[in-house]
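Okay, structure first, notes after.
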Protein chains: 2
Amino acid sequence: MKTKTQDVSTSPAEAGIGTRERVVRAASRLFQRQGYEGTGIKLIAQEAGATLGSVYHFFPGGKEELAVAAIQYGDREFADMLSAGLAGSDDPADAVENCARVLATALRESDWADGCPVTATALETLGRTPPIQQACSEALRNWQEVLAVKFRDSGFGDEDAEELACTVLSALEGAEVSSQVFRSEEPLLTTGRSMAQLIRARS
Amino acid sequence: MKTKTQDVSTSPAEAGIGTRERVVRAASRLFQRQGYEGTGIKLIAQEAGATLGSVYHFFPGGKEELAVAAIQYGDREFADMLSAGLAGSDDPADAVENCARVLATALRESDWADGCPVTATALETLGRTPPIQQACSEALRNWQEVLAVKFRDSGFGDEDAEELACTVLSALEGAEVSSQVFRSEEPLLTTGRSMAQLIRARS
DNA sequence: TCCTGGATAGAGCGCTCGTTCTAGTGAGGC
DNA sequence: GCCTCACTAGAACGAGCGCTCTATCCAGGA
């Protein structure tokens with residue numbers, strides 16, 4: 001018999017965390033790495049150290065409801081990563097370049113597996129699963145706002161800040177995909193440097 | 001009985017095209033729109049006006065071999081789109097901005113469905129299906145080279161041209177995803193303008 | 001002590017997946 | 001006329017999918 005109310009077979013870092021939270025985290029990472037369609041619910045349950053019954057207990061809406069929760073979790077996680085990277089410097093150009101470095105390092109350390117937590121799922125479900133698409137949309141909007149705040153705080157006007165945030169987010173997202181495909185930090189680092197130059201050119 | 005050697009049920013534009021080519025085109029479009037895992041071979045055959053037997057006749061390696069061919073087809077298709085956009089102007093900054101406009105228009109006209117033909121498949125199969133990942137890698141490299149040639153021809157040094165090409169491709173790829181998720185041309189257009197400014201700042 | 005209800009557990013359902021297999025068709029060489 | 005072989009056609013298979021269902025467990029209230 002297994003231990004009751006808690007499974008020890010999960011990673012040590014996640015001991016003591018509630019089942020629902022473990023399921024969401026496992027789902028987020030798996031969707032990030034192998035997409036929505038490519039990830040089975042049984043695998044998610046297994047990775048979370050939970051059973052199928054528990055998953056459907058917490059997410060009666062099934063895979064779709066679980067995906068929305070996973071995207072929202074990835075949203076917060078990635079926003080924290082951006083904030084941490086941006087906090088590295090007061091100068092917005094340096095901050096963005098540092099941000100790219102942070103993303104590149106995290107990507108390499110995960111053996112190029114953990115890129116943006118929503119891109120894969122977003123592209124697979126575009127126009128076919130409205131709740132998921134909306135969660136992805138809110139995530140992108142959220143990250144863009146994190147960047148825009150930094151630019152406004154650095155003295156940029158509202159419009160400039162918004163445009164820069166849109167450009168920088170797109171560039172970082174695209175560079176992350178390139179880095180994953182090429183298995184190299186170079187696209188992210190190069191893009192980070194270019195974005196820093198663009199920001200200085202607008203100051 | 002169906003007509004022999006050719007099926008009329010396909011789109012008129014594809015009448016007279018060989019079965020293999022029709023299958024590759026259908027696969028490319030479906031992978032682009034709903035990803036690798038989310039697309040079944042039976043659906044591909046149906047969309048191509050072919051039968052399962054024909055698909056496995058031309059692609060004995062199954063779904064994986066078909067995906068490689070589809071990625072390579074998308075590679076050429078997207079490279080042509082980039083070239084056409086870049087040909088709009090001799091000035092590299094204007095050319096890139098025009099490129100973004102072309103991509104935005106095509107995206108809107110497909111109701112935000114037809115984005116980059118490899119991103120979705122690339123992210124789903126990363127590190128798990130080497131042949132597909134390599135095809136994706138070659139596609140990105142190819143597109144970057146299309147941009148680099150334009151920049152070199154415009155007077156940029158080899159290193160500058162390569163860095164700019166890397167940045168612009170990443171930015172356009174990321175902006176295309178944003179435009180699809182937001183269902184708006186704005187991310188692509190804004191990113192195009194920013195890239196033009198970056199290129200001018202480097203001239 | 002018994003009851004209640006949130007949480008756990010996993011067998012089993014219908015279905016679709018990728019793939020295999022055999023049968024059949026017809027244009028072109030002899 | 002007939003043989004050959006590239007190609008078409010689709011039934012069938014095992015595996016795995018998302019999901020449902022019933023049974024069980026156990027902490028806390030009465």
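In what follows, every heavy atom counts, from backbone to side chain, and hydrogens, waters and symmetry copies are set aside. Within every chain, numbering begins at 1; the chains are lettered A, B, ... in the order of the sequence lines, protein sequences first and strands thereafter.
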Let me know the distance between CD of B/Glu65 and P of C/dT19, rounded to the nearest Å. 11 Å
Under 4.0 Å, heavy atoms only, any strand: does A/Gly62 hit a base, just the sugar-phosphate, or nothing? sugar-phosphate
Using heavy-atom distances to pick each residue's nearest nucleotide on DNA chain C, tell me which of B/Gly53 and B/Lys63 is more 5'. B/Lys63
Rounded off to whole Å, could you give me the CD1-to-C1' distance for the A/Ile41 and C/dA11 pair? 17 Å
Scan A/Gly40 against the nucleic acid and name what it touches under 4.0 Å (heavy atoms): base, sugar-phosphate only, or nothing. sugar-phosphate
Reference residue B/Cys136; test side-chain contact (heavy atoms from CB on, under 4.5 Å); the match among B/Leu126, B/Ile71, B/Asp75: B/Ile71
Rounded distance in Å - OH (B/Tyr56) to P (C/dT19): 4 Å
For B/Thr167, run the side-chain contact (heavy atoms from CB on, under 4.5 Å) check against B/Leu198, B/Ile199, B/Leu147 and tell me which one passes. B/Leu198
May I have the distance from A/Phe59 (atom CZ) to D/dG18 (atom C1'), rounded to whole angstrom? 16 Å
Can you tell me how far P of C/dC17 sits from CG of B/Leu66, to the nearest Å? 15 Å
Would you say C/dA7 has OP1 or OP2 under 4.0 Å from some side-chain N or O of A/Thr19? no
Which whole-number value in Å describes the distance from B/Lys42 NZ to C/dG18 C1'? 8 Å
Would you indicate what A/Phe58 reaches in the nucleic acid, counting non-hydrogen atoms under 4.0 angstrom: base, sugar-phosphate, or nothing? sugar-phosphate
With the side chain defined as heavy atoms from C-beta on, B/His57 is closest, among C/dA9, D/dA6, C/dA7, to D/dA6
Could you tell me how far apart A/Arg22 (CZ) and C/dT8 (C1') are, to the nearest whole angstrom? 11 Å
Verify whether one side chain among A/Glu138 and A/Gln134 offers a donor that lies under 3.5 Å from an acceptor in the other. yes
Value for CG (A/Leu188) from CZ (A/Phe182), rounded to nearest 0.5 Å, stands at 12.0 Å
So, does B/Ser54 get its side chain near the phosphate of D/dC7, meaning an N or O under 4.0 Å from OP1 or OP2? no
Assess the side chains of B/Thr119 and B/Glu173: does a donor N or O sit below 3.5 Å from an acceptor N or O? yes
Separation of B/Leu52 atom CG from C/dG18 atom P, in whole Å? 9 Å
Given D/dG10, C/dT8, C/dG18, the nucleotide with the shortest approach to the side chain of B/Thr51: D/dG10
